[in-house]
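All remarks here apply to the structure that follows.
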Amino acid sequence: MKELKKIYWYEKELLVVIPLLLSNAHTFELVDSLCVLNKYTRDHIKLLEDNFPNINKLEIPINPYPLLQRKKIL
């Protein structure tokens, strides 16, 4: 389930990034590919939400920045 949650949240991030990429795309092929990617990403997110209703619940980690704290940055 943990891996599915990672995939879910990465795909949610893609839905934010794809429109930014589309606004700067200058070729038909790139625009078409990004539109297809956007559609498949939306469909996959919907599929995950339908099959795993709790997938969109955030889990707050106990230690959110373990690597940074080990190096004494925070």
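Given the structure is predicted, the values throughout are model-derived calculations rather than measurements. Numbering of residues begins at 1 and proceeds along the displayed sequence.
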Atom [atom1] in [X], atom [atom2] in [Y]: separation rounded to 0.5 Å?
X: I45; Y: N56; atom1: CD1; atom2: CG; answer: 10.5 Å
X: K12; Y: T41; atom1: NZ; atom2: OG1; answer: 11.5 Å
X: L30; Y: L21; atom1: CG; atom2: CG; answer: 7.5 Å
X: I18; Y: L34; atom1: CD1; atom2: CG; answer: 6.5 Å
X: L37; Y: R42; atom1: CG; atom2: CZ; answer: 11.0 Å

Heavy-atom closest pair, residues E49 and I55: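 Scanning both residues, the minimum pair turns out to be CA-CG2, 4.3 Å.
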Heavy-atom closest contact (E11 atom, L48 atom, distance):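 Looks like OE1-CD1, 4.2 Å.
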ILVMFWY cluster, F52 and W9 together (side-chain gap under 4.5 Å):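 Looking at the clustering, W9 is in the same group as F52.
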Co-membership, hydrophobic cluster, residues L22 and L15, 4.5 Å side-chain: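 L22 and L15: separate clusters.
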Heavy-atom side-chain contact between Y8 and L4 under 4.5 Å: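 No. Closest side-chain heavy atoms not under 4.5 Å.
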Check: L47 main-chain N/O paired with N51 side-chain donor or acceptor under 3.5 Å: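 Looks like yes, one N/O pair under 3.5 Å.
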